[in-house]
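The block underneath contains the structure these notes are about, expressed in structure tokens.
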Amino acid sequence: MVNNRELDDVLTALADPTRRRIVERLARGERTVGQLSDGFTMTPPAISKHVKVLERCGLLRRRIEGREHHCRLSIRGLTMLSTWVTRQERYWNAALDRLVARAEEDA
């Protein structure tokens, strides 16, 4: 079962292009916040705020070693999103199948 509030948080987080780019970078492996900042025109503290949003909604996990914060993707948020998308896909495919069947009956 998908928790709607948690799903809202995931979708809101991914609505931001910077956070989507961070997720794409983390799909290639663990990165420090400093490494995640490379290539962005914003400051590391600004990137850190995006990291916190991703962490809160379950898309990212952080491990702290000394002064470095290591980030990696978390399957929890992605699984929730995938479950919701799959459910929507099944619903709409079934609805379209019923519509086609009805149209064929009327033809």
Side-chain angles (χ1 to χ4, degrees):
M1 186 72 175
V2 174
N3 177 316
N4 285 335
R5 183 181 170 127
E6 290 177 347
L7 178 63
D8 289 348
D9 291 344
V10 169
L11 291 169
T12 299
L14 292 175
D16 183 276
T18 299
R19 290 192 281 267
R20 286 196 305 273
R21 286 181 59 199
I22 290 172
V23 167
E24 289 167 2
R25 287 181 181 186
L26 290 175
R28 288 179 249 143
E30 184 176 288
R31 304 275 194 278
T32 65
V33 172
Q35 290 170 328
L36 288 172
S37 300
D38 291 342
F40 286 105
T41 56
M42 59 184 75
T43 63
I47 292 296
S48 186
K49 288 181 181 177
H50 286 292
V51 166
K52 285 179 186 174
V53 171
L54 293 169
E55 190 175 27
R56 274 196 306 264
C57 73
L59 287 169
L60 179 149
R61 297 189 80 173
R62 184 191 317 230
R63 175 176 52 85
I64 301 172
E65 282 185 12
R67 301 175 80 186
E68 290 190 331
H69 292 222
H70 298 264
C71 304
R72 64 183 167 94
L73 281 181
S74 169
I75 195 71
R76 184 175 155 261
L78 294 174
T79 299
M80 183 185 339
L81 180 60
S82 174
T83 299
W84 183 80
V85 168
T86 299
R87 192 172 62 199
Q88 295 304 311
E89 183 179 26
R90 285 185 189 143
Y91 170 82
W92 287 108
N93 281 335
L96 289 172
D97 288 346
R98 288 191 304 271
L99 181 63
V100 168
R102 181 71 185 252
E104 289 173 353
E105 287 174 9
D106 292 343

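We number each residue from 1, following the sequence as shown.
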Distance-minimising heavy-atom pair for V33 and P44: CG1-O, 4.3 Å
Where C71 and L26 come nearest, the two heavy atoms and their spacing: O-CD2, 3.4 Å
Residues in side-chain contact (heavy atoms from CB on, under 4.5 Å) contact with T41, at least two apart in sequence or another chain: none
From [X] atom [atom1] to [Y] atom [atom2], the distance as rounded to the nearest 0.5 Å:
X: R63; Y: E68; atom1: CZ; atom2: CD; answer: 9.5 Å
X: Q35; Y: R25; atom1: CD; atom2: CZ; answer: 10.5 Å
X: L54; Y: L73; atom1: CG; atom2: CG; answer: 9.0 Å

Is the closest side-chain heavy-atom distance between [X] and [Y] below 4.5 Å?
X: K52; Y: S48; result: yes
X: K49; Y: V53; result: no
X: T18; Y: I47; result: yes
X: L59; Y: L14; result: yes

For R102, salt bridge (charged side-chain N to carboxylate O under 4.0 Å, His left out) partners two or more places apart: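 If we apply the salt bridge (charged side-chain N to carboxylate O under 4.0 Å, His left out) test to R102, skipping adjacent residues, the hits are D106.
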Any donor-acceptor pair under 3.5 Å from R19 side chain to A13 backbone: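 Yes.
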Flag, side chain of S82 to backbone of L78, donor-acceptor distance under 3.5 Å: no
Exceeds 12 heavy-atom contacts within 6.0 angstrom, atom CZ of R61: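 It does not: R61 CZ has 12 such atoms or fewer within range.
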